[in-house]
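Below: one structure, written as structure tokens.
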Amino acid sequence: MDLLSLLGFILGIGFIIVSILLGEAPDGSTVLMPEQLQGFFDLPSIMIVLGGTIAALMISFPLKSFAKIPKHLKIIFAPKKYNPQSYIEQIVFFAKEARINGLLALEDKLNNTQDKFLKSSLLLVVDSVEPEKVKALLNKELEYLEERHAQDMAFYNKASEYAPAFGMTGTLIGLINLLANMSDTEALAKNMSVSLVTTFYGVILANLIFKPIANKLKVRHEEEYLCKMIISEGVQAIQDGDNPTFIQEKLTRLLPSYSLKGELKNTGK
Amino acid sequence: MDLLSLLGFILGIGFIIVSILLGEAPDGSTVLMPEQLQGFFDLPSIMIVLGGTIAALMISFPLKSFAKIPKHLKIIFAPKKYNPQSYIEQIVFFAKEARINGLLALEDKLNNTQDKFLKSSLLLVVDSVEPEKVKALLNKELEYLEERHAQDMAFYNKASEYAPAFGMTGTLIGLINLLANMSDTEALAKNMSVSLVTTFYGVILANLIFKPIANKLKVRHEEEYLCKMIISEGVQAIQDGDNPTFIQEKLTRLLPSYSLKGELKNTGK
Amino acid sequence: MDLLSLLGFILGIGFIIVSILLGEAPDGSTVLMPEQLQGFFDLPSIMIVLGGTIAALMISFPLKSFAKIPKHLKIIFAPKKYNPQSYIEQIVFFAKEARINGLLALEDKLNNTQDKFLKSSLLLVVDSVEPEKVKALLNKELEYLEERHAQDMAFYNKASEYAPAFGMTGTLIGLINLLANMSDTEALAKNMSVSLVTTFYGVILANLIFKPIANKLKVRHEEEYLCKMIISEGVQAIQDGDNPTFIQEKLTRLLPSYSLKGELKNTGK
Amino acid sequence: MDLLSLLGFILGIGFIIVSILLGEAPDGSTVLMPEQLQGFFDLPSIMIVLGGTIAALMISFPLKSFAKIPKHLKIIFAPKKYNPQSYIEQIVFFAKEARINGLLALEDKLNNTQDKFLKSSLLLVVDSVEPEKVKALLNKELEYLEERHAQDMAFYNKASEYAPAFGMTGTLIGLINLLANMSDTEALAKNMSVSLVTTFYGVILANLIFKPIANKLKVRHEEEYLCKMIISEGVQAIQDGDNPTFIQEKLTRLLPSYSLKGELKNTGK
Amino acid sequence: MDLLSLLGFILGIGFIIVSILLGEAPDGSTVLMPEQLQGFFDLPSIMIVLGGTIAALMISFPLKSFAKIPKHLKIIFAPKKYNPQSYIEQIVFFAKEARINGLLALEDKLNNTQDKFLKSSLLLVVDSVEPEKVKALLNKELEYLEERHAQDMAFYNKASEYAPAFGMTGTLIGLINLLANMSDTEALAKNMSVSLVTTFYGVILANLIFKPIANKLKVRHEEEYLCKMIISEGVQAIQDGDNPTFIQEKLTRLLPSYSLKGELKNTGK
């Protein structure tokens with residue numbers, strides 16, 4: 001469970017609500033004024049902002065983009081843990097195995113491997129697919145992974161463009177109606193206030209929901225990509241018959257936390 | 001028929017109209033006020049926003065870009081279905097055929113193939129064009145497909161820039177006229193209201209029409225590109241004489257829905 | 001003559017002028033009010049917007065960028081026609097000639113060729129420059145063509161940034177003067193109106209002149225680039241001694257209008 | 001200690017505070033009015049801008065991005081000095097050593113080297129890893145360094161987007177409350193003033209804190225990258241057995257300050 | 001001396017000053033009103049805009065970026081002339097020399113060469129550095145030149161972002177003070193006028209100073225880059241022993257002004 005995303009969401013909403021409630025008492029002190037909250041709940045405003053954004057997204061994206069929303073929320077709030085270090089350990093284990101018992105011996109060991117990408121990639125090596133074909137296939141697959149994730153993020157990035165635009169649309173509708181039928185100048189300020197609520201909704205939707213979701217998906221992608229890249233490099237190194245110590249050194253250098261602790265031993269290849 | 005795009009369009013217009021109609025009755029309840037709708041229909045405003053946008057597009061793009069609009073609307077509302085899975089099956093079928101009866105035997109089988117790109121690409125192989133030339137030609141063709149589709153999207157993206165600019169131009173014209181001839185201060189609010197309608201049109205045109213169209217064209221491009229990329233990779237693999245099982249594995253890994261179900265069998269190449 | 005650009009420009013100006021003239025008669029009907037036009041012609045406003053934009057462009061670009069403006073206007077309004085199909089035909093003609101009479105025989109035929117790029121590129125082949133050098137040279141030349149055209153477009157794109165900024169500057173100057181010397185509150189609205197005219201000029205200049213010009217130059221570049229790319233690919237194919245039928249097939253696949261009509265014949269290479 | 005960053009921050013805050021304090025005395029002279037400062041300190045405004053920005057960042061980034069803030073501040077205010085010239089000298093020293101005593105002799109000399117990247121990279125050469133593998137590994141590592149640093153900058157760039165958005169949100173909340181409960185028109189101006197303070201905070205946070213930090217991190221990255229690139233090129237040149245004089249010439253050409261002083265000697269390779 | 005930049009700057013300032021001075025006489029005619037100029041000179045406004053921008057730049061960039069400003073101004077106002085044609089002539093001269101007397105004979109001729117890059121690059125060839133190393137070194141150097149120049153431009157581009165932001169900050173400070181202490185409603189308009197001056201400064205600084213400087217530096221870079229690219233290509237061609245006529249043809253094709261005058265002669269390689 002990724003508490004940070006949840007906490008961020010709760011905090012954001014909380015700060016906004018407290019901000020709305022704060023008012024000044026006649027004696028100049030700051031007090032909470034719960035009656036102010038109702039001015040910020042306006043069903044027609046929600047309809048135009050949320051409805052307009054969803055309508056624009058329906059024209060912009062296929063149905064399957066909408067169907068992925070629950071999956072994306074799961075990626076945000078309950079993400080799979082990617083541990084690049086453990087993948088390096090597995091790769092080094094297979095590299096040692098391959099050195100001692102040959103590439104074919106890897107097939108039995110693979111039964112216990114849970115990661116599908118590692119398993120299927122190593123099976124290519126076990127099946128004696130030529131090295132340059134393995135390299136081409138894994139590179140193409142990583143490239144397409146990046147492409148597909150970029151398409152997923154595009155959905156939320158577009159949403160973060162549409163929401164303020166429909167917020168502004170709602171405010172424009174309010175203003176135009178207001179100015180056209182200005183029979184009652186007393187109600188002017190109040191109606192202006194209602195008009196502005198849609199702009200408020202648009203800004204909040206974009207900056208507290210859509211943009212952060214798009215960005216967290218990007219961060220998750222980067223974690224997944226690093227692991228798959230390590231597997232891809234590792235599998236190719238195993239096929240090349242590289243020294244397990246060198247494979248470990250090589251893959252460790254790609255980690256963000258990479259720092260040499262003491263001297264490296266002579267890998268004696 | 002892509003109902004989603006149509007529904008999105010109808011919903012978007014619907015939400016906006018309802019939003020316009022909503023008013024507050026003297027007793028504070030929300031009522032529909034059909035007379036408010038007329039304030040949002042202003043022929044001169046439509047002329048300046050739509051006319052200005054079209055005029056700017058005429059200077060920006062050649063006639064053939066306008067001629068493509070019906071084709072693009074068809075791609076949006078009644079798209080060709082791209083099924084990457086079925087292309088993989090066809091490729092694997094041809095790969096098996098080529099293994100058993102040789103590359104030349106593919107020519108007869110191709111007569112039943114409906115996809116032009118698959119057919120013409122495989123004919124290059126049948127005609128014994130050298131592999132590196134086939135690879136260069138198919139890559140160049142895919143690259144140019146991407147280029148051409150990007151040019152198509154540019155039309156709608158530019159339109160989505162021009163529309164709000166001419167909306168703002170209309171509002172400026174209204175304001176300048178208003179302020180210059182302010183003989184009647186009573187009509188001020190009403191005239192301001194009319195001025196704002198052009199901004200409203202500009203925002204709606206950009207965010208409910210042009211941007212969503214540009215984006216859906218991008219999504220359709222990605223579907224087409226994936227299929228053509230699969231065909232291109234598959235045709236090259238057939239020419240290389242790859243094992244059909246390996247070709248299937250290779251192409252399947254490029255699909256978004258790729259997930260290993262059970263173990264892979266030894267491809268025994 | 002490219003009537004579309006001219007028509008677009010005339011239409012754009014026309015819509016704006018009609019928009020300015022439209023007014024409401026006391027009886028509520030829409031009438032043309034020619035006296036409103038004078039409020040939109042303000043020499044000082046033209047000076048600050050156009051003058052400021054030109055001044056900023058003078059600091060931003062060298063003199064030769066200004067000297068190219070007439071050439072660019074010619075490219076916009078009276079463009080050279082690029083016909084990729086006719087280039088393919090010429091290339092195929094030369095390819096057949098080369099097959100029958102050898103590469104050297106091309107030299108005589110080249111005298112009738114009007115296209116300089118095609119002529120000089122084929123001369124490289126006739127002069128027996130090594131294939132990899134021809135490839136490197138033509139690629140470098142195409143790359144630099146793209147670079148140079150991008151530099152040309154940058155001029156108009158920058159202008160479309162400066163124009164609204166100086167429009168805003170003019171309005172700010174007007175407002176500051178207005179507010180500083182507000183002796184006469186009656187003239188307030190009228191002076192505000194004059195101030196807004198500069199913003200209006202800036203928006204029009206950017207969206208009806210500079211942005212569309214930059215974009216049309218881009219479109220023209222794409223047409224020219226496609227033809228030069230076809231020549232470049234074709235010349236290299238002739239040098240490689242490719243089958244003319246294959247060259248035709250190959251180059252045709254790069255055309256936007258490419259669609260297979262009936263079956264391809266066996267090129268029998 | 002990087003005094004410039006600290007001074008910039010102090011100066012920026014100082015200019016803003018003085019700007020706030022400046023007022024006009026009744027006699028028209030400019031005086032400092034300390035009582036104006038209190039209008040700019042508004043706890044609820046700080047809460048919505050800073051709180052909202054932090055909340056949005058919590059949804060956008062993982063916890064480790066927040067944990068890196070102290071490290072980034074250290075990079076800004078107390079940076080490691082990167083001296084490309086000294087790295088070139090070390091590389092040349094090792095290159096001479098390798099020429100005289102062979103690559104294996106470098107191992108002893110490396111004990112005195114403090115730079116981890118130089119040390120571990122040269123050890124790859126000492127351990128006789130094949131040149132193309134050394135090249136691939138070092139390139140991949142540099143590429144990933146760039147990727148990781150770009151991810152770090154993204155944090156502050158996103159923050160500089162969120163801060164003005166929540167500043168605007170706060171101002172909208174203030175305006176909506178103001179207009180909805182406009183019982184006291186006298187307090188109108190004062191409350192409007194308070195509303196604007198959040199916009200002010202958002203602009204300051206983005207332009208004096210987040211954007212400058214993101215940019216300084218980019219500058220620091222470029223310094224580090226240049227040094228690592230020099231080491232990477234140098235280590236590969238040592239493995240290739242290049243002449244130390246040529247290595248020096250080659251690496252010096254990558255320095256910003258590169259300028260030939262007098263003639264180059266014949267390297268006599 | 002680049003008069004265009006100077007003239008642009010003077011014209012820009014001139015147009016703005018005249019624009020400020022223009023006023024309407026009571027009889028409706030346009031007159032110059034010098035007393036309006038003083039409303040645009042406000043020391044505190046200059047302090048917040050210029051001071052804030054400089055402070056933000058101090059946090060954003062290292063000291064050496066500031067130290068380069070005089071050098072950049074020299075590049076803008078008194079640029080080095082880059083004449084690609086003359087470089088082609090020099091390259092062709094050296095190519096002929098190398099053909100007749102061998103590569104070593106170039107060393108003597110190089111003493112008269114003033115261009116450091118040409119000299120040091122040709123010395124690599126004279127010193128018999130392997131072709132692929134010369135190519136790698138020159139490419140790397142050109143790539144780094146581009147990188148370094150991009151970093152220089154980033155300084156002015158950032159400045160053009162900060163200036164309007166601090167202009168807006170100043171206006172916000174003015175408005176907040178104004179609204180908070182609105183004792184004197186008569187002075188309201190005048191104080192508002194002063195507030196707007198900072199926005200005016202920010203827009204001018206960005207659009208008449210920082211953006212144009214960044215762009216002119218880009219233009220100068222493109223001129224320098226073209227010449228260095230020609231030298232790089234030329235030096236490699238000399239090392240390859242290419243025909244001087246072919247070298248001339250090849251390099252001339254990279255020039256913007258390239259157009260075939262009459263027929264090419266058979267280079268008879």
Side-chain angles (χ1 to χ4, degrees), chain D residues 2 4-5 7-16 18-20 22-24 30 33 35-36 39-40 76 189-190 192-194 196-197 199-200 203-204 206-209 211-216 218-219 222-223 226 233 240 242 246 249-250 253-254 256 258-260 263-264 266-269, chain E residues 43-45 47-48 50-66 107 110-111 116-117 119-120 123-124 126-129 133 136-138 140-141 144 147-148 151 154 158 161-162 165-166 168-170 172-182 187-188 191 194 198:
Chain D
D2 182 57
L4 198 71
S5 298
L7 196 64
F9 187 68
I10 293 170
L11 266 183
I13 298 292
F15 281 132
I16 290 165
V18 171
S19 224
I20 289 172
L22 284 177
E24 202 175 328
T30 303
M33 299 169 76
E35 70 275 17
Q36 291 191 342
F40 286 81
I76 302 285
K190 179 124 191 301
M192 194 92 97
S193 167
V194 175
L196 282 176
V197 171
T199 296
F200 168 77
V203 176
I204 294 294
N207 288 287
L208 200 60
I209 312 281
K211 276 192 202 175
I213 287 182
N215 203 74
K216 193 77 141 222
K218 185 160 164 279
V219 168
E222 284 156 0
E223 291 169 1
L226 175 63
E233 294 285 318
D240 284 4
D242 279 358
F246 174 66
E249 154 85 359
K250 175 180 169 175
R253 287 174 86 119
L254 297 175
Y258 171 60
S259 62
L260 280 179
E263 287 184 45
L264 279 169
N266 191 323
T267 55
K269 189 177 175 169
Chain E
L43 208 63
S45 296
M47 187 188 73
I48 180 74
L50 209 57
T53 303
I54 291 171
L57 287 173
M58 283 165 76
I59 316 182
S60 303
F61 290 93
L63 196 58
K64 66 170 187 259
S65 293
F66 290 86
E107 197 163 10
L110 278 173
N111 291 332
K116 286 170 186 171
F117 184 71
K119 194 171 184 174
S120 65
L123 270 173
L124 293 171
V126 172
D127 292 344
S128 312
V129 175
K133 286 195 178 169
L137 200 161
L138 292 178
K140 199 92 189 168
E141 196 173 345
Y144 241 68
E147 179 77 21
R148 268 204 312 279
Q151 290 170 16
K158 270 287 155 198
E161 280 181 41
Y162 291 141
F166 284 98
M168 191 188 153
T169 302
L172 278 171
I173 291 176
L175 281 180
I176 293 170
N177 274 338
L178 198 93
L179 294 166
N181 317 301
M182 211 160 65
L188 181 71
N191 289 336
V194 175
T198 48

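Order of the sequence lines fixes the chain letters, A, B, ..., with proteins taken first and strands second; residue numbering starts at 1 for each chain.
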#### Entry: Contact origin within D:Leu226 toward chain E - heavy atom pairs under 4.5 Å
both
### Query
What residue in D:Leu11, D:Leu4, D:Leu196 has the most heavy-atom pairs under 4.5 Å with chain E?
D:Leu4
### Query
When you look at CZ of D:Phe9, are more than 12 heavy atoms from neighbouring residues, nucleotides or ligands closer to it than 6.0 Å?
no
### Query
Side chain, backbone, both or neither: which part of E:Leu138 has a heavy atom under 4.5 Å from chain D?
side chain
### Message
Using only atom types and a distance under 3.5 Å, with no angle test, would you say the side chain of D:Asn215 pairs donor to acceptor with the backbone of E:Phe61?
### Response
no
### Portion of D:Glu233 that has a non-hydrogen atom of chain E nearer than 4.5 angstrom
side chain
### Query
With respect to chain D, which residue among E:Ile48, E:Asn177, E:Thr169 yields the maximal number of heavy-atom pairs within a distance under 4.5 Å?
E:Asn177
### Query
In terms of heavy-atom proximity below 4.5 Å to chain D, should E:Leu137 be classed as side chain, backbone, both, or neither?
side chain
### Message
Is E:Leu43 close to chain D through its backbone or its side chain, or both, or neither, when contacts mean heavy atoms under 4.5 Å?
### Response
neither
## Note on the structure
Interface check, chain D: of E:Pro62, E:Gly52, E:Pro44, most non-hydrogen pairs under 4.5 Å belong to E:Pro62
### Task
Side chain from CB out, backbone as N, CA, C, O: work out which of these in E:Met168 comes under 4.5 Å of a heavy atom of chain D, or both, or neither.
side chain
#### Entry: D:Phe15/E:Leu50 under side-chain contact (heavy atoms from CB on, under 4.5 Å): CA gap, chis, key distance, verdict
CA-CA 10 Å; D:Phe15 281 132; E:Leu50 209 57; over 6 Å; no
### Message
Measuring only between side-chain heavy atoms, which start at C-beta, is D:Glu249 closer than 4.5 Å to E:Leu123?
### Response
no
### Query
Between E:Ser60 and D:Pro212, which heavy-atom pair has the shortest distance, and what is it?
OG-CA, 3.2 Å
## Note on the structure
CD1 of D:Ile204 to OG1 of D:Thr199, rounded to nearest 0.5 Å, is 11.5 Å
### Task
Using a cut-off of under 4.5 Å on heavy-atom pairs, state which of E:Gly170, E:Ala180, E:Ala154 scores highest against chain D.
E:Ala180
### Contact winner vs chain E - D:Lys250, D:Met33, D:Glu222, heavy-atom pairs under 4.5 Å
D:Glu222
#### Entry: Heavy-atom proximity to chain E below 4.5 Å, by part of D:Val219
side chain
### Task
Show the numbers, then the answer: is there a side-chain contact (heavy atoms from CB on, under 4.5 Å) between E:Tyr162 and D:Lys211?
CA-CA 9 Å; E:Tyr162 291 141; D:Lys211 276 192 202 175; 3.8 Å; yes
### Working for side-chain contact (heavy atoms from CB on, under 4.5 Å), residues E:Phe166 and E:Thr198
CA-CA 8 Å; E:Phe166 284 98; E:Thr198 48; over 6 Å; no
